[in-house]
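Any value given below was found using the heavy atoms of this structure, including those in side chains, with hydrogens, waters and symmetry copies removed. Bear in mind the structure is a predicted one, so any value in this text is a computation, not a measurement. Just follow the structure's listing: the first ligand is 1, and inside any ligand the first atom is 1.
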Amino acid sequence: MVANNHIEVWERCLQIIKSNVPDAVFQKWFVPVKPVSLEGSTLTIEVPSDAHMVKLEEEPLIDIMAKTLKRVIGDSVRLVYTIRFPKTTISYNHQTNFQATNKSIPIPLNPRDKDVINPFVIPGIQKLKINPNLNPKYSFDNFVEGTCNRLARTAGLQVAENPGHNPFCPLFIYGGSGLGKTHLSQAIGLKVNQLHPDKIVLYVSANAFQTQYMNAASGNKIIDFMHFYEQIDVLIIDDVQEFVSKPGTQSAFFHIFNHLQQAGNQIILTSDVPPGNLQGMENRLVQRFRWGLSAELLPPNYETRVKILKAKSANEGIVLSDEVVDYLATKITGSVRELEGTVLTLLAHSTFNREDITLELAKKVTKQIVNIDSSELSLERIRTAVCDYFKITPELIVSKTRKREIVQARQITMYLVRNLTKASLASIGSQMGGKDHATVLHACSTVSDLIDTDRNIRKYVSDLERQLKPGK
Ligand code: ADP
Ligand code: MG
């Protein structure tokens, strides 16, 4: 089949590749790839580094990619790479023509001067022109609002309207995996670009920043590196928890942070834990992360899950019946990424196997997704399940309220997380509304005692355990 939108096409390829490679391989080698364009049957993708391209070009990944691309784009497909952070100062294209027997390590072709994406090595006095690394798909328009993300979203909008001139510097967005940190931080960048085209916006993952720093350090280019970052008006660093235990990078970032802060520029950071939980991060940085606003992204509740399923399916051009939406929103309670994955899997079934999206198909697909993920229970998933079970909101369960039912639900959550995951007492406490480890321990022993003495509690806990770990 021939499709004509690069993002959509790459999304479809990812869906197929995902089911053919181990998850760790998928996360490491395919998730960082960004589709750039699709012209005829030539797909251009952007990869983070030279090494990344080499890895993709090796067996078995090249084989899987070739088969997938042929299936999605057609037999005449060609693949072109651009490198986001090349080792050399010039970015280049490398073309893979799957029709040729191309198994060798690639050689740089076609030096391109207009797409240089490692600009800190370019001397110059004029206003910096850089690729902000933003994906138009991650816009505010595509970001479904719910109680789970209202604070972060609203703050994000204010930041985008008045970057650097708002109380949220830095804006620190945190939450579990797949809850929208990357999407929201990119949406802010896109909106700034739209409202303030003169501002220099840069989105960079903490990993990419770290790699650039290492390259700069080994090439005696630290001054260029710092100088480059100090010119950015709106700097978005995604997944700052990656800086943990990397003192060199932390120190460089500390200086950049101070410079941007003093110049009245905007910094947006995301992390999978709140600032206080970044063990291995210098204290002076943690303190600065707390200066602005820390906003948590929580897992969506039922209503928001319905809204997300409807939005995602409409985007993909598929129609889901209310019955199917209700079923999926009830069963898939983890992250937005899981909801999105389900819609894409349903889309794949309906396009490749020409199946209608019936409740039966939805059940089959959900079973696969829920089964895969039940081996990796997360605090978010457990917290959502408890909230749904007791019909309370995620905000309430982490609030300070001492209402009996809420305290009970909170304690049951902590007990389940303690027993079903490897989370430490400290991290459970902090993600349950800033409690300390002693409070978590107390909650666990209270629930444990109640299970022996209170029939209702025993039933709640066993219902929830069955739902979370169906095989147990
Ligand atoms: P994180 O960075 O927190 O791991 P992402 O931002 O990558 O999560 O989100 C995972 C997927 O879910 C992305 O494809 C994103 O577009 C989608 N997503 C997350 N939150 C929302 C939302 N509120 N509305 C629509 N899509 C969302
Ligand atoms: Mg992310």
With no hydrogens and no angle check, is any side-chain donor or acceptor of [X] less than 3.5 Å from a backbone partner on [Y]?
X    : Y    : answer
T413 : A409 : yes
D356 : T358 : no
H183 : S139 : yes
D239 : Q241 : no
N265 : H259 : no
K181 : S271 : no

Over 12 non-hydrogen atoms of neighbours within 6.0 angstrom of NE2 in H437: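 No, NE2 of H437 has 12 or fewer neighbouring heavy atoms, counting only those of other groups under 6.0 Å.
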For [X], the ligand 1 atoms whose distance to one of its heavy atoms is below 4.0 Å:
X    : answer
G176 : 3 (O)
S177 : 4 (O)
K312 : 16 (O), 17 (C), 25 (C), 26 (N), 27 (C)
N149 : 23 (N)

So is there a nitrogen or oxygen of [X] less than 3.5 Å from a nitrogen or oxygen in ligand 1?
X    : answer
I308 : no
L184 : no
F143 : no
V336 : no

Protein contact to [atom] [nearest heavy atom, distance to 0.1 Å]:
atom                    : value
atom 6 (O) of ligand 1  : H183 N, 2.8 Å
atom 11 (C) of ligand 1 : E340 OE1, 3.4 Å
atom 24 (N) of ligand 1 : V144 N, 2.7 Å
atom 4 (O) of ligand 1  : G178 N, 2.7 Å
atom 7 (O) of ligand 1  : R337 NH2, 3.0 Å
atom 8 (O) of ligand 1  : G180 N, 3.1 Å
atom 25 (C) of ligand 1 : N142 O, 3.1 Å

Would you compute the distance between atom CG of L359 and atom OH of Y327 and round it to the nearest 0.5 angstrom?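 OH of Y327 is found 7.0 Å from CG of L359.
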Side chain to side chain donor-acceptor pair (under 3.5 Å) test vs Y302 passes for just one of D388, T330, D326, namely D326
Taking C-beta and beyond as the side chain, do I73 and L38 meet within less than 4.5 Å on heavy atoms?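 Result yes, sub-4.5 Å side-chain heavy-atom pair found.
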State yes or no: are the ring centers of F243 and F209 separated by less than 6.0 Å?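 Distance test on ring centres: under 6.0 Å, yes.
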Around the Mg ion (ligand 2), list the protein N/O/S atoms within a radius below 2.8 Å, excluding water molecules. T182 OG1
Within 45 degrees of the axis of the six-membered ring of F254 and under 6.0 Å from its centre: does R284 put its NZ or CZ there?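 So R284 does make the cation-pi contact.
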